[in-house]
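Note that the coordinates shown come from a computational prediction; the quantities given were computed from them, not determined experimentally. Lettering follows sequence order; numbering is per chain, from 1.
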Amino acid sequence: MKTKVTLNVNGQERTAEVEPRTLLVELLRDQLGMTGTHVGCDTTQCGCCVIHVDDKAVKSCTMLAVQAQGKKVVTIEGLAAADGTLHPMQEAFRDHHGLQCGFCTPGMVMMGVDIARRLPGADEKTVREQLEGNICRCTGYQGIVEAILSVVNPGAVKEHHHA
Amino acid sequence: MRNFDYHAPASLDAAVALIGDKEDGKLIAGGMTLLPTLKQRLAAPSDLIDLAGVAELKGIKREGDEIVIGAMTCHADVAASDVVKSAIPALASLAGVIGDPAVRHRGTIGGSIANADPAADYPGAVVGLNAKIVTNKRVIAADDYFIDLFETALEQGEIITSVRFPIPERAAYQKFRHPASGYAVVGVMVAKFGADVRVGVTGAAGSAFRASDFEAALSENFSADAIKGVKMSPDGLLSDIHCTNEYRAHLVGVMARRAVAEA
Ligand SMILES: Cc1cc2nc3c(=O)[nH]c(=O)nc-3n(C[C@H](O)[C@H](O)[C@H](O)COP(=O)(O)OP(=O)(O)OC[C@H]3O[C@@H](n4cnc5c(N)ncnc54)[C@H](O)[C@@H]3O)c2cc1C
Ligand code: FES
Ligand code: FES
């Protein structure tokens, strides 16, 4: 049996028919065609699927689409400005070599924005702790940590990764 | 995941009626444990009753000598709460080391305590701080609540509404965190209430328990030195892929001394 769910995705009101068991990430990717949000593990471990629901970072593989009824959802597609200007966190990932294959990147950037909102001025140790639920198999994290740090606490960036 | 019917009641009464009504219904709080369980088809309920819209279950307040936390309060809100930080800082810091930030934005205290994972953090605080579990039916004392692995005193369809934590003079929580999962290999909450000291241990056995030899020594002398010679017996503690029961018994002592030093 399908039910109707209405939510605001990146500023736009969207309505879809979903099964109760449809995951929020499935609604975004398969039904709304927004494939920027990735699925790495489907077991709540890797953080590739992190999006914001009502301004909080959550793992969209571990939330039902019906639980997002009436909520405000922001995905990686919603960060850049309409004219294509990157969000400062995206720009920082580019500047600091915060990605290689790019698979973890949407989740990393969304978590980075969440960290910046909750913990302005955070030090490097805090940023690393906050990335506990986001796994990257390529970069070794150095560039990611630097990128996030350059936004939340520019003075704490020790060196430019690839100046 | 098998399909189910989804219900989003707006009041506690409606949630109680729904869970009583559905033959194989299950409550869902943050879903951080339940949804992975459903994906693995370890459970296949006919109905999910979402507590997220039940306003009575939310919020944190101080009432006299207690901190009262609504069952649907997420870990991040407990960790960031000024009320909790000023009255029981050990509880705020415990909430802040559960899982990761995204898990803390969804996972709730009620869900954690209802689930009673042997390696979960909150059970250590419930036992160590002598909390009361308030349900739609009754109030359950910490010492009567945890029974065994994933087993509690809750009856079928009983809903936790809040958890009441008495405010201690001093308390601290120390956790030996599993590096991959983040759960507690062993976690110890030490709390001093006047002459009484409680030591709540999680992660070490099938469910959270009090380490009575440590409590006795600390009631005489609240210092890390006082429990240096106290040994935890490995009998009945968990042995698994992560470590042996002897190792866990040793960790109980180490975590207890660190907690006392911090309190
Ligand atoms: C990646 C990851 C890492 C984690 N790390 C840790 C960790 O380090 N430490 C830790 O302690 N936990 C950890 N957890 C578990 C997390 O804290 C969960 O949030 C918690 O165990 C369950 O809470 P929930 O609100 O998500 O409950 P749900 O998953 O929604 O529900 C769990 C169970 O409780 C029942 N239930 C829920 N609410 C109530 C209620 N009010 N009354 C009666 N029954 C109820 C449900 O029916 C279900 O059976 C982790 C989880 C994940 C995914
Ligand atoms: S896909 Fe959601 S955490 Fe890995
Ligand atoms: S850049 Fe490849 S997984 Fe992170």
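Note that CD of A:Glu19 is 15.5 Å distant from OH of B:Tyr6, once rounded to the nearest 0.5 Å. How far CZ of B:Arg106 is from NZ of A:Lys59: 13.0 Å, rounded to the nearest 0.5 Å.
By the 4.5 Å heavy-atom criterion applied to side chains, B:Leu35 and A:Gln67 are counted as neighbours.
Most heavy-atom pairs under 4.5 Å with chain B, from the set A:Thr3, A:Thr44, A:Val50, A:Asp114: that is A:Asp114. Between chain A and the residues B:Lys39, B:Met1, B:Arg104, the most heavy-atom pairs under 4.5 angstrom are made by B:Lys39.
A salt bridge links B:Arg177 with A:Glu132: the distance from a Lys NZ or Arg NE/NH1/NH2 to an Asp or Glu carboxylate oxygen falls below 4.0 Å.
With sequence neighbours excluded, the residues that form a salt bridge (Lys or Arg N to Asp or Glu O under 4.0 Å) with A:Lys125 are A:Glu129. Remark: B:His250 engages no residue in a ring pair (Phe, Tyr, Trp, His ring centres under 6.0 Å) (not counting sequence neighbours).
Contact annotation for B:Leu38: neither backbone nor side-chain heavy atoms come within less than 4.5 Å of a heavy atom of chain A. With a 4.5 angstrom heavy-atom cutoff, A:Met111 touches chain B only via side-chain atoms. Contacts of B:Asn3 with chain A are made by both backbone and side-chain atoms, with heavy-atom separations under 4.5 Å. Residue contact with chain A, scored on non-hydrogen atoms closer than 4.5 Å, involves the side chain of B:Leu48 exclusively. Contacts of A:Leu131 with chain B are absent, with no heavy-atom separation under 4.5 Å from either backbone or side chain. In this structure, chain B has heavy atoms under 4.5 Å from both the backbone and the side chain of A:Asp42.
In B:Glu23, the CD atom is not crowded: 12 or fewer heavy atoms of neighbouring residues, nucleotides or ligands sit closer than 6.0 Å. Within a 6.0 Å sphere centred on CD of A:Glu13, other residues, nucleotides and ligands contribute more than 12 heavy atoms. Heavy-atom neighbours of B:Arg2 CZ from other residues, nucleotides or ligands within 6.0 Å: at or below the threshold of 12.
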